[in-house]
Chemist: 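Right, I'll just put the structure down here and ask away after.
Positions are given from 1 along the sequence.
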Amino acid sequence: MLRAPLAVATRAAIPTPLPRRLRCVRPALAAALLSSLALSGPSPAATPAAPTAAAPSSAVVSVTGSGGGAIASQLRGSARPMMASSSARHLVATTETFRDELKVVGQGTPPRIVVFSADLDPETGEPWCPDCRLALPAIADMVEGRGGTWLEVRVGDKPTWKDPANPLRTDPALRITSIPTLFEVAHDGALGARNGHDVDDARTAEQMRAAVEGFVDGLAAQ
């Protein structure tokens with residue numbers, strides 16, 4: 001006679017119908033499990049991690065001179081084993097503005113170099129002179145890799161450069177007859193040592209790199 005009230009009380013405490021997974025569980029245990037599930041509730045969703053900002057990639061430091069934009073985009077695409085120092089600077093000028101820019105270069109960190117090079121071809125975006133295309137990445141690597149400063153003087157398009165009356169050819173202090181031509185720049189902006197025939201004779205990227213490296217190393221040894 002005691003079993004009937006217990007059975008009634010137990011059945012009244014269990015909701016109907018029972019979930020399929022609890023139909024084979026004893027009534028009292030099922031009630032306890034249902035109560036536990038109701039109290040625990042659904043598991044909280046994992047909070048997505050905040051996106052991490054990408055670290056800025058290192059880039060060549062490039063300062064544009066009054067003569068036009070720098071060729072940093074071309075140089076970044078070249079295979080360059082040296083990393084540019086934070087003090088490295090690259091300036092660009094024309095034949096009309098380069099003397100003022102030389103004074104800026106003179107205040108920079110050595111090695112300090114000026115290179116007379118061809119204008120950029122509007123169709124390719126690269127110097128029209130093939131030797132200049134070899135020299136500029138090598139100069140950027142050697143000078144910027146040592147934290148130095150260099151000035152790129154663009155001498156004009158091909159007809160302008162080939163003109164015998166071009167002032168770069170006739171100026172007694174310059175007498176530039178071929179490009180690229182490199183000079184050391186003193187602290188007061190004056191032109192110093194000039195590159196040797198190895199730069200003029202270089203015909204491959206390896207030869208030009210060796211010639212430029214020899215020129216820059218020679219300046220450091222002075």
Side-chain angles (χ1 to χ4, degrees), residues 54 56-102 104-105 108 111-169 174 176-183 185 194-195 198-213 215-216:
S57 59
S58 60
V60 175
V61 178
S62 178
V63 180
T64 301
S66 56
I71 58 166
S73 60
Q74 298 174 31
L75 300 179
R76 288 190 191 104
S78 304
R80 298 178 51 202
M82 292 188 178
M83 295 296 293
S85 166
S86 60
S87 63
R89 299 184 67 189
H90 169 210
L91 299 93
V92 179
T94 66
T95 54
E96 291 79 18
T97 62
F98 78 93
R99 296 186 188 278
D100 290 333
E101 298 295 345
L102 284 174
V104 178
V105 175
R112 296 181 292 261
I113 303 294
V114 58
V115 55
F116 291 84
S117 179
D119 271 22
L120 303 186
D121 187 323
E123 294 184 358
T124 65
E126 297 182 348
W128 55 260
C129 167
D131 294 338
C132 297
R133 291 197 295 269
L134 296 178
L136 293 181
I139 295 169
D141 191 5
M142 295 300 163
V143 176
E144 293 179 14
R146 293 165 169 81
T149 309
W150 66 291
L151 172 64
E152 175 193 351
V153 181
R154 295 179 180 167
V155 301
D157 58 16
K158 193 170 185 178
T160 301
W161 167 244
K162 292 293 185 179
D163 183 355
N166 187 303
L168 297 178
R169 295 177 177 271
L174 297 174
I176 299 175
T177 58
S178 63
I179 52 176
T181 292
L182 289 68
F183 288 92
V185 180
R194 183 175 185 151
N195 67 266
D198 50 352
V199 171
D200 300 333
D201 297 338
R203 292 295 177 266
T204 67
E206 292 75 15
Q207 291 173 349
M208 184 63 77
R209 181 179 177 85
V212 171
E213 184 173 15
F215 178 69
V216 174

Chemist: Could you report the tightest heavy-atom contact between Arg194 and Thr177, atom names first, then the distance?
Modeler: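 Where Arg194 meets Thr177 most closely, the heavy atoms are NH2-N, 4.3 Å.
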
Chemist: Check Val92, Val104, Val105, Val185 against Leu151 for a side-chain contact (heavy atoms from CB on, under 4.5 Å) and give me the one that passes.
Modeler: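 Answer after filtering Val92, Val104, Val105, Val185: Val105.
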
Chemist: Has Arg169 got its NZ or CZ under 6.0 Å from the middle of the six-membered ring of Trp161, at an angle within 45 degrees of the ring axis?
Modeler: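 Output yes; distance and angle both within limits.
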
Chemist: I'd like a table of donor-acceptor pairs (distance under 3.5 Å, sequence neighbours excluded) in which one partner is a side-chain atom from residues 198-206, with atom names and distances.
Modeler:
unit_1: Asp200; atom_1: OD1; unit_2: Ser178; atom_2: OG; d: 3.4
unit_1: Arg203; atom_1: NH1; unit_2: Asp200; atom_2: O; d: 2.9
unit_1: Thr204; atom_1: OG1; unit_2: Gln207; atom_2: N; d: 3.1

Chemist: Side chains of Val155 and Thr160, heavy atoms from C-beta outward: is any pair under 4.5 Å?
Modeler: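 No; the side chains remain at least 4.5 Å from each other.
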
Chemist: Is any side-chain heavy atom of Ile139 closer than 4.5 Å to a side-chain heavy atom of Glu152?
Modeler: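 Side chain of Ile139 against side chain of Glu152, heavy atoms only: no contact under 4.5 Å found.
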
Chemist: Between Arg209 and Asp141, is there a side-chain heavy-atom distance shorter than 4.5 Å?
Modeler: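 Sidechains of Arg209 and Asp141: in contact.
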
Chemist: Testing the basics here: between Val115 and Pro180, what is the closest heavy-atom pair and its distance to 0.1 Å?
Modeler: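 Result for this residue pair: CG2-CB, 3.9 Å.
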
Chemist: Are the side chains of His90 and Leu136 in contact, using a 4.5 Å heavy-atom criterion?
Modeler: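 With C-beta onward as the side chain, the pair stays apart.
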
Chemist: Taking Pro127's backbone N and O only, do any of them form a donor-acceptor pair with Arg133's side chain (distance below 3.5 Å, no angle check)?
Modeler: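 Confirmed, Arg133 side chain pairs with Pro127 backbone.
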
Chemist: Once you round to the nearest 0.5 Å, how far does CG of Leu91 lie from CG of Asp100?
Modeler: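 The CG atom of Leu91 sits 12.0 Å away from the CG atom of Asp100.
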
Chemist: Checking side-chain polar atoms at under 3.5 Å, does Thr94 have a donor or acceptor matched by the opposite partner on Glu96?
Modeler: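 There is such a pair between these side chains.
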
Chemist: Among all residues two or more places apart in sequence or in another chain, which pass the salt bridge (charged side-chain N to carboxylate O under 4.0 Å, His left out) test with Arg99?
Modeler: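 Partners of Arg99 by the salt bridge (charged side-chain N to carboxylate O under 4.0 Å, His left out) criterion, ordered by chain and then number, come out as Asp171.
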
Chemist: Hey, are the side chains of Thr181 and Asn195 touching, using non-hydrogen atoms and a 4.5 Å cut-off?
Modeler: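 Contact flag for Thr181/Asn195 side chains = yes.
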
Chemist: Among residues at least two apart in sequence or on other chains, which ones pass ring-ring contact (aromatic ring centres under 6.0 Å, His included) with Phe98?
Modeler: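 Residues passing ring-ring contact (aromatic ring centres under 6.0 Å, His included) with Phe98: Phe116.
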
Chemist: Which atoms form the tightest heavy-atom contact between Ala118 and Arg154, and what is the distance?
Modeler: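 Closest approach of Ala118 to Arg154, heavy atoms only: O-CG, 4.0 Å.
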
Chemist: Quick check: closest heavy atoms across Gly156 and Trp128, and the distance to 0.1 Å?
Modeler: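 Result for this residue pair: O-NE1, 2.9 Å.
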
Chemist: CG of Leu182 to CD1 of Ile113: how many Å apart, nearest 0.5 Å?
Modeler: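 Those atoms lie 6.0 Å apart.
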
